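Worksheet: the structure to be examined is printed underneath.
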Amino acid sequence: MSILTLTILIIISASIHIWGEYNGPDLLIYVFKPLTTLLIITTAVLEKKSIIKSYKALVIIGLIFSLGGDILLMLPYDLFVFGLISFLIAQLIYIYAFSRENPWQLSWLPIFTAIVYGVGIYFILAPGLGDLRFPVAIYLLVIQTMGYTAWNQWNQTRSHWALMAFIGALIFIFSDSILAVNKFSQPFAAARGLTLTTYFTAQWLIARSIGRKL
């Protein structure tokens with residue numbers, strides 16, 4: 001199956017899932033949310049242009065933990081902390097994937113930007129977090145670090161594949177920010193659609209970054 005065909009299937013599956021979020025039935029969510037991420041994982045698995053097998057393996061493992069987070073967060077139970085942990089592991093794996101071949105080089109402007117953004121989001125969320133203040137703070141630190149390592153990878157390689165990973169990381173941060181604001185601070189109707197659209201786009205871009213000859 002070609003990458004183009006898989007991408008079309010991802011768009012269709014994601015669209016059905018988003019429709020289910022707003023219009024039901026819940027069966028559409030339970031089927032098409034994990035299916036969309038599974039299709040993204042398949043895109044990564046079938047990528048034949050990868051010349052660094054360890055990078056491919058790490059991205060796939062990160063996607064699998066993301067799938068676990070998807071499932072935990074969609075179930076009709078209060079499993080938010082477990083979903084957060086699953087995504088936290090995914091972010092740690094992405095950090096390792098992005099930095100394994102590209103040792104960290106400190107650059108103060110992106111570091112300052114990441115800190116300001118992370119602290120700003122945390123203070124917006126803090127009044128509604130309750131007992132989740134510490135777990136959310138840790139997750140924010142980790143996902144901002146993931147974004148920095150993606151930038152560092154692109155800054156060192158200046159390659160198309162690394163740029164895809166970096167853009168994917170930025171969109172991932174934005175997606176999680178919308179999700180968190182909607183859940184803990186200020187709910188709004190468009191949040192679910194916006195969160196899911198950006199989330200699947202981010203994961204697709206990270207999966208496509210496996211192709212080192214793009």
Side-chain angles (χ1 to χ4, degrees), residues 1-46 59-91 94 121-122 124-133 135-136 139-140 143 146 167-208:
M1 187 179 295
S2 70
I3 298 299
L4 176 59
T5 300
L6 277 169
T7 300
I8 292 171
L9 291 175
I10 289 166
I11 294 171
I12 293 171
S13 181
S15 299
I16 295 173
H17 171 211
I18 294 169
W19 170 270
E21 287 280 354
Y22 285 99
N23 302 287
D26 289 345
L27 180 62
L28 293 181
I29 300 171
Y30 297 150
V31 172
F32 288 96
K33 184 175 186 179
L35 177 60
T36 304
T37 306
L38 277 170
L39 288 169
I40 295 172
I41 293 172
T42 304
T43 299
V45 170
L46 295 181
V59 169
I60 290 171
I61 295 170
L63 288 167
I64 291 171
F65 273 98
S66 296
L67 174 61
D70 289 340
I71 294 171
L72 289 166
L73 292 180
M74 79 176 182
L75 295 175
Y77 308 104
D78 186 12
L79 299 173
F80 180 80
V81 172
F82 296 100
L84 189 70
I85 291 171
S86 191
F87 276 112
L88 179 69
I89 295 171
Q91 302 300 346
Y94 286 154
I121 289 293
Y122 183 78
I124 291 172
L125 302 177
L129 290 176
D131 293 338
L132 293 175
R133 287 191 176 191
V136 169
Y139 184 80
L140 279 170
I143 196 172
M146 186 275 292
I167 294 173
L170 291 180
I171 296 175
F172 207 144
I173 293 169
F174 176 73
S175 178
D176 275 4
S177 299
I178 295 298
L179 184 152
V181 168
N182 181 65
K183 183 175 179 63
F184 297 112
S185 180
Q186 183 61 52
F188 59 100
R192 284 179 292 176
L194 185 58
T195 298
L196 292 166
T197 301
T198 51
Y199 168 70
F200 290 130
T201 300
Q203 295 283 36
W204 180 85
L205 284 167
I206 292 172
R208 294 293 290 124

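Because the structure is a prediction, the values reported are computed rather than measured.
For Phe80, the ring pair (Phe, Tyr, Trp, His ring centres under 6.0 Å) partners are Phe184, not counting sequence neighbours. Under the side-chain contact (heavy atoms from CB on, under 4.5 Å) criterion, Tyr122 pairs with Ala126, Leu129, Arg133, Ala137, Leu140, sequence neighbours left out. Every residue meeting the side chain to side chain donor-acceptor pair (under 3.5 Å) condition with Ser177, not counting sequence neighbours, appears here in chain and number order: Tyr117. Under the rule for a side-chain contact (heavy atoms from CB on, under 4.5 Å), the partners of Ile18 that lie at least two apart in sequence or sit in another chain are Tyr22, Leu196, Thr197. Taking Thr195 as the reference, Ser175, Ile178, Leu179 meet the side-chain contact (heavy atoms from CB on, under 4.5 Å) condition, with sequence neighbours excluded. Contacts of Ile16 classified as side-chain contact (heavy atoms from CB on, under 4.5 Å), with partners at least two apart in sequence or in another chain: Ile12, Leu28, Phe32.
With rounding to the nearest 0.5 angstrom, the CG atom of Leu67 is 5.0 Å from the CD1 atom of Ile41. Remark: Ser13 OG to Leu39 CG distance equals 5.5 Å, nearest 0.5 Å. In this structure, OG1 in Thr7 is found 6.5 Å from CG in Leu4, a value given to the nearest 0.5 Å. If you take CD1 on Ile167 and CZ on Arg208, they are separated by 13.5 Å, rounding to the nearest 0.5 Å. In this structure, Ile10 CD1 and Ile3 CD1 are separated by 8.0 Å, a value rounded to the nearest 0.5 Å. Interatomic distance, Tyr30 OH to Ile71 CD1, rounded to the nearest 0.5 Å: 12.5 Å.
Minimum interatomic distance between Ala207 and Val59 (heavy atoms only, all atoms of both residues): CA-CG1, 4.1 Å. Pairing each heavy atom of Ala44 with each of Ile60, the nearest pair is CB-CG1, 3.8 Å.
Applying the salt bridge (charged side-chain N to carboxylate O under 4.0 Å, His left out) definition to pairs two or more places apart or across chains, those involving residues 14-24 are Glu21-Arg192. Applying the salt bridge (charged side-chain N to carboxylate O under 4.0 Å, His left out) test to pairs two or more places apart or on separate chains, none has a residue in residues 28-37. The side-chain hydrogen bond (donor to acceptor under 3.5 Å, both in side chains) contacts involving residues 178-187 comprise nothing, where partners must be two or more places apart or lie in separate chains. Among residue pairs with one or both ends in residues 70-80, those qualifying as side-chain hydrogen bond (donor to acceptor under 3.5 Å, both in side chains) are Thr37-Asp70, Asp70-Tyr199; sequence neighbours excluded.
Within 6.0 Å of the CZ atom in Phe82, the count of heavy atoms belonging to other residues, nucleotides or ligands does not exceed 12.
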Let me see the working for Phe174 and Leu194 under side chain to side chain contact (heavy atoms under 4.5 Å, CB included), right down to the final yes or no.
-> CA-CA 10 Å; Phe174 176 73; Leu194 185 58; 4.3 Å; yes

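Side-chain contact between Leu73 and Leu79: absent, with no pair of heavy atoms (C-beta onward) separated by less than 4.5 Å.
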Side-chain donor-acceptor pairs of residues 84-91 under 3.5 Å, sequence neighbours excluded:
| from | atom 1 | to | atom 2 | distance (Å) |
| --- | --- | --- | --- | --- |
| Ser86 | OG | Phe65 | O | 2.6 |
| Ser86 | OG | Gly69 | N | 3.2 |
| Gln91 | NE2 | Tyr139 | OH | 3.3 |

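For the 3.5 Å distance criterion, the side chains of Trp204 and Thr43 fail to qualify, holding no donor opposite an acceptor.
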